[in-house]
**Q** 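Got a structure for you, questions after.
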Protein chains: 2
Amino acid sequence: MNLRELSSLLGLSQTTVSRALNGYKDVSEATRARVLAAAKAHEYRPNTRAQALATGRSRAIGHVIPKISTHAMVNPIFADFIAGAGETYSQAGYEMLISVVDVDDEARAYRSIKARGLVDGLIVSAPRMNDPRIELLDEIGLPYAVHGRATGTERPYSWLDVNNRRAFSRAAEFLLDLGHRRIALINGHEEMDFAHRRRQGLEMALAARGLAPDPALMRQDEMTEGYGYRAAREMLAMPDPPTAFLVSSVICMLGVRRAVEEIGLTLGREVSAITHDDQLSYLRDDGPVPAFTATRSSVREAGQRLARMVLERIDAPDAPHRHELLEAELIIGRSTGPAPS
Amino acid sequence: MNLRELSSLLGLSQTTVSRALNGYKDVSEATRARVLAAAKAHEYRPNTRAQALATGRSRAIGHVIPKISTHAMVNPIFADFIAGAGETYSQAGYEMLISVVDVDDEARAYRSIKARGLVDGLIVSAPRMNDPRIELLDEIGLPYAVHGRATGTERPYSWLDVNNRRAFSRAAEFLLDLGHRRIALINGHEEMDFAHRRRQGLEMALAARGLAPDPALMRQDEMTEGYGYRAAREMLAMPDPPTAFLVSSVICMLGVRRAVEEIGLTLGREVSAITHDDQLSYLRDDGPVPAFTATRSSVREAGQRLARMVLERIDAPDAPHRHELLEAELIIGRSTGPAPS
DNA sequence: GGCGAAGTCCAAAGCGCTTTGGTGTTGCCT
DNA sequence: AGGCAACACCAAAGCGCTTTGGACTTCGCC
């Protein structure tokens with residue numbers, strides 16, 4: 001069933017039917033009701049491709065996944081973020097387009113996406129410091145919103161971020177209050193903006209107490225369980241081991257717990273640890289008292305809100321840029337306790 | 001730059017330019033070269049929406065994510081699967097469209113996707129037993145391929161699946177050979193086809209040795225770390241506890257390990273466990289000897305192959321259905337050992 | 001009675017591509 | 001010389017929608 005069929009069936013012009021369906025003013029309520037009823041009865045849906053061609057808007061938002069190499073890691077938060085964004089899109093009548101793109105081909109991919117008219121806007125994820133994509137997208141003229149921030153970028157852009165610095169400084173303060181002095185950081189890659197900020201948060205908290213950060217207690221890598229395990233294992237074997245860990249992801253945290261327990265210690269007793277918890281649905285740590293003390297912020301909700309933000313930019317490309325800074329909640333679980341004396 | 005501009009710039013008709021770009025025969029090699037060069041120089045890309053409208057093909061594949069409720073779990077394999085499929089699509093010049101859809105609205109969503117001409121084909125994931133979607137899609141007339149199988153469905157359809165039954169029966173045999181007799185199963189929801197088959201695999205192996213399955217040793221639930229922990233914990237506290245576990249996902253397995261170690265036992269010594277390992281990129285268990293004995297099969301590769309399969313169905317909708325049954329590799333790690341006597 | 005303003009409706013153009021059904025030109029063969 | 005392919009190109013229609021720029025009624029008002 002297409003518009004022509006529907007309108008000839010109703011004895012009306014395509015114009016009138018189209019305007020009736022799209023809520024225009026100049027069609028009588030009586031015919032509008034007739035049109036709506038007929039459309040429903042025949043399950044008419046406008047062909048999106050034709051609509052897009054006619055309006056110049058595709059009602060789709062793109063998410064680009066940079067592919068580093070064949071064996072590159074997929075970001076574990078990806079699924080929950082997508083789920084959140086997808087909910088917003090479907091409510092707004094938008095589709096979500098995912099492009100897997102070679103990382104050294106990214107610029108060309110963005111230009112191509114624009115030229116082919118695939119999407120009305122983009123989500124930029126995992127920004128690095130001085131991320132070139134922001135300037136690129138401005139130049140191309142494609143509305144976008146960034147999940148995170150890009151330290152070093154001067155130009156204004158719309159973003160949504162967790163207050164990573166504050167989250168990790170609060171977590172560090174909490175550990176310092178418990179008497180911990182040697183606090184290790186098991187971080188993600190620090191060219192990632194979020195990781196950079198988390199380290200700053202820890203260092204700020206240390207500085208406020210007159211403590212100097214110890215480079216030997218800071219690690220950065222891809223955030224796998226094995227990395228968390230190895231990092232914790234190695235640091236705990238040092239002559240002057242840390243008594244507490246700040247960990248950048250629950251997945252790493254699982255490895256940290258394993259390392260701690262393997263040498264006969266217990267989290268929350270001899271060793272404390274706080275993780276950042278994105279509330280990934282398959283790793284949720286609920287229950288009356290959560291296992292892990294954590295700085296918690298739902299990445300799914302971030303997806304929802306960021307989706308809304310990019311839709312706003314599409315509707316009003318010249319509006320001033322908006323920023324949302326989500327404060328992570330500090331959830332006290334069983335993985336922290338007073339520093340051993 | 002669009003086709004009209006490009007062709008007037010070349011002094012050729014749109015027809016000729018279009019045919020030159022699309023590799024048709026009736027254009028001289030000289031002009032074809034000219035056209036190609038100009039297209040490259042001006043970074044011309046055909047507008048996908050117009051192309052789709054003209055050809056009736058959208059060059060996009062849809063993946064539908066059923067949303068159960070606001071707090072529903074996102075499938076942890078989703079990200080890696082998508083990454084695999086996305087690679088194939090981008091090589092083939094296809095886009096990937098993701099739709100988050102209310103689960104009780106799924107039928108309407110599929111019809112709508114078809115009517116709006118959004119995609120040329122679909123991937124069906126997480127099939128349940130007697131999954132109604134297969135018949136629905138046949139009726140709608142949308143090419144598709146299924147990730148997994150749907151026990152109870154009579155009609156032919158294209159699928160790719162891991163040989164779950166064989167994988168788990170082999171794993172069980174391995175445990176039986178090590179002397180284990182009480183083998184517990186920590187499974188996913190058994191209305192999911194894969195979970196159903198895994199249980200069958202275990203039961204077949206038991207039956208072959210004249211052993212009866214013990215319902216007290218079988219659990220099914222959403223596969224989280226916490227579920228793995230609780231299930232193992234409870235079963236290990238039974239008067240006649242299992243000496244081995246068959247676990248349906250690495251995430252659960254992490255919980256199982258925690259439960260085992262918490263009561264002072266060691267995996268691979270007093271208690272053995274084998275997990276299915278989808279080789280999720282953020283949970284990869286490499287190293288010379290992997291921590292977990294596992295039935296291993298890359299879900300990313302599954303994504304690549306299934307994507308290829310749906311593309312084939314689009315190109316030849318009347319070709320006989322194809323099936324791919326991937327055999328999981330049994331990887332011997334450190335989580336299994338002889339049964340304690 | 002005439003006129004302007006609403007109120008309804010419509011024909012046709014246009015979005016940027018593909019494809020059909022040609023036309024005109026060569027070159028070869030008889 | 002005539003006929004016929006083969007070759008290289010093109011005008012125009014069409015994909016299914018939206019939107020522009022009217023056209024035709026009806027109504028109220030001077």
Side-chain angles (χ1 to χ4, degrees), chain A residues 1-36 38-39 42-60 93-95 111-120, chain B residues 1-36 38-39 42-60 93-95 111-120:
Chain A
M1 175 65 52
N2 61 23
L3 187 62
R4 186 160 43 90
E5 289 164 20
L6 183 65
S7 48
S8 81
L9 199 136
L10 281 160
L12 289 168
S13 74
Q14 292 192 36
T15 308
T16 302
V17 175
S18 170
R19 302 191 77 100
L21 291 172
N22 291 319
Y24 277 70
K25 201 77 199 68
D26 63 350
V27 42
S28 76
E29 280 316 312
T31 55
R32 186 193 303 280
R34 259 183 70 217
V35 170
L36 255 37
H42 297 84
E43 291 192 321
Y44 167 74
R45 322 248 174 199
N47 181 306
T48 305
R49 303 174 307 215
Q51 219 166 19
L53 186 56
T55 58
R57 308 234 334 226
S58 58
R59 297 195 77 79
Y94 273 72
E95 301 300 322
R111 284 184 206 282
S112 163
I113 285 172
K114 166 72 173 184
R116 292 183 295 157
L118 286 176
V119 302
D120 298 333
Chain B
M1 176 64 53
N2 60 25
L3 186 61
R4 186 161 42 91
E5 289 165 19
L6 183 64
S7 48
S8 81
L9 198 136
L10 280 161
L12 289 168
S13 74
Q14 292 191 37
T15 309
T16 303
V17 176
S18 171
R19 303 191 76 101
L21 291 172
N22 292 319
Y24 277 72
K25 201 76 198 69
D26 62 349
V27 42
S28 77
E29 280 316 312
T31 56
R32 186 192 305 281
R34 258 182 72 218
V35 169
L36 254 37
H42 297 84
E43 290 193 321
Y44 167 74
R45 323 248 172 198
N47 180 307
T48 306
R49 303 173 309 212
Q51 218 166 18
L53 186 56
T55 58
R57 307 233 336 225
S58 58
R59 296 196 79 78
Y94 273 73
E95 300 301 322
R111 285 184 205 282
S112 164
I113 285 172
K114 166 72 173 182
R116 292 184 293 157
L118 285 176
V119 302
D120 297 334

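Chain identifiers are assigned alphabetically (A, B, ...) following the order of the sequence lines, protein sequences preceding nucleic acid strands; residue numbering begins at 1 within each chain.
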**Q** First contact, last contact: which nucleotides of DNA chain D are these for chain A, 5' to 3', heavy-atom distance under 4.0 Å?
**A**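 Extent of the interface on DNA chain D: D:dG16 to D:dT20.
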**Q** Find the bend of the helix from C:dG1-D:dC30 to C:dT30-D:dA1 as the angle between its two terminal axes (five pairs each), to the nearest 10°.
**A**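 The end axes of the helix from C:dG1-D:dC30 to C:dT30-D:dA1 are about 60° apart, to the nearest 10°.
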**Q** For B:Thr48, check side chain to side chain donor-acceptor pair (under 3.5 Å) against everything at least two apart and list the hits.
**A**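 Not a single residue meets the side chain to side chain donor-acceptor pair (under 3.5 Å) criterion with B:Thr48.
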**Q** Got a sec, which residues hit side chain to side chain donor-acceptor pair (under 3.5 Å) with B:Arg116, two or more places apart in sequence or on another chain?
**A**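 Testing B:Arg116 for side chain to side chain donor-acceptor pair (under 3.5 Å), a comparison that skips the adjacent residues, returns A:Glu95, B:Ser112.
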**Q** Select base, sugar-phosphate, or nothing to describe what B:Thr31 touches, counting heavy atoms under 4.0 Å on all strands.
**A**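 Sugar-phosphate: the residue B:Thr31, judged by heavy atoms under 4.0 Å, touches backbone atoms but no base.
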**Q** Mind checking side chain to side chain donor-acceptor pair (under 3.5 Å) for B:Ser13 and listing every partner two or more places apart, or none if nothing turns up?
**A**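 Side chain to side chain donor-acceptor pair (under 3.5 Å) list for B:Ser13, sorted by chain: B:Thr16.
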**Q** List in chain and number order the residues that pass salt bridge (Lys or Arg N to Asp or Glu O under 4.0 Å) with B:Arg45, two or more places apart in sequence or in another chain; answer none if no residue qualifies.
**A**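 Here no residue qualifies.
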**Q** Using a 4.0 Å cut-off on heavy atoms, which residues in residues 19-28 of chain A reach DNA chain D? List them by number, or say none.
**A**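 Hits under 4.0 Å, by residue number: A:Arg19, A:Asn22, A:Tyr24.
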**Q** Could you give the CG-to-C1' distance, from A:Leu3 to C:dC10, as a whole number of Å?
**A**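 Rounding to the nearest Å, CG of A:Leu3 and C1' of C:dC10 are 13 Å apart.
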**Q** B:Glu43: what forms a side-chain contact (heavy atoms from CB on, under 4.5 Å) with it, not counting sequence neighbours?
**A**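 Residues passing side-chain contact (heavy atoms from CB on, under 4.5 Å) with B:Glu43: A:Arg111.
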**Q** Looking at residues at least two apart in the chain, or sitting in another chain, which of them share a side-chain contact (heavy atoms from CB on, under 4.5 Å) with A:Ala39?
**A**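 A:Ala39 satisfies side-chain contact (heavy atoms from CB on, under 4.5 Å) with A:Leu6, A:Leu21, A:Tyr44 only.
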**Q** Using the test side chain to side chain donor-acceptor pair (under 3.5 Å), find all partners of B:Tyr94 that sit at least two apart in sequence or belong to another chain.
**A**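 With sequence neighbours excluded, B:Tyr94 shows a side chain to side chain donor-acceptor pair (under 3.5 Å) to B:Arg57, given in chain and number order.
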**Q** At their closest point, which heavy atom of B:Arg49 faces which heavy atom of A:Gly117, and how far apart are they?
**A**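 What the structure gives for the nearest pair is NH1-O, 3.2 Å.
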**Q** Identify, between B:Thr55 and A:Ser18, the residue whose nearest nucleotide on DNA chain D lies closer to the 5' end.
**A**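 Upstream on the strand: B:Thr55.
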**Q** What residues, two or more places apart in sequence or in another chain, satisfy salt bridge (Lys or Arg N to Asp or Glu O under 4.0 Å) together with A:Arg34?
**A**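 For A:Arg34, no residue satisfies salt bridge (Lys or Arg N to Asp or Glu O under 4.0 Å) once neighbours in sequence are set aside.
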**Q** Between A:Gln14 and A:Ala50, which has a closest nucleotide on DNA chain C that is more 5'?
**A**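 Here A:Gln14 is the residue nearer the 5' end.
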**Q** Not counting sequence neighbours, which residues clear salt bridge (Lys or Arg N to Asp or Glu O under 4.0 Å) with B:Arg19? List them please.
**A**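 Result, salt bridge (Lys or Arg N to Asp or Glu O under 4.0 Å) vs B:Arg19: B:Asp26.
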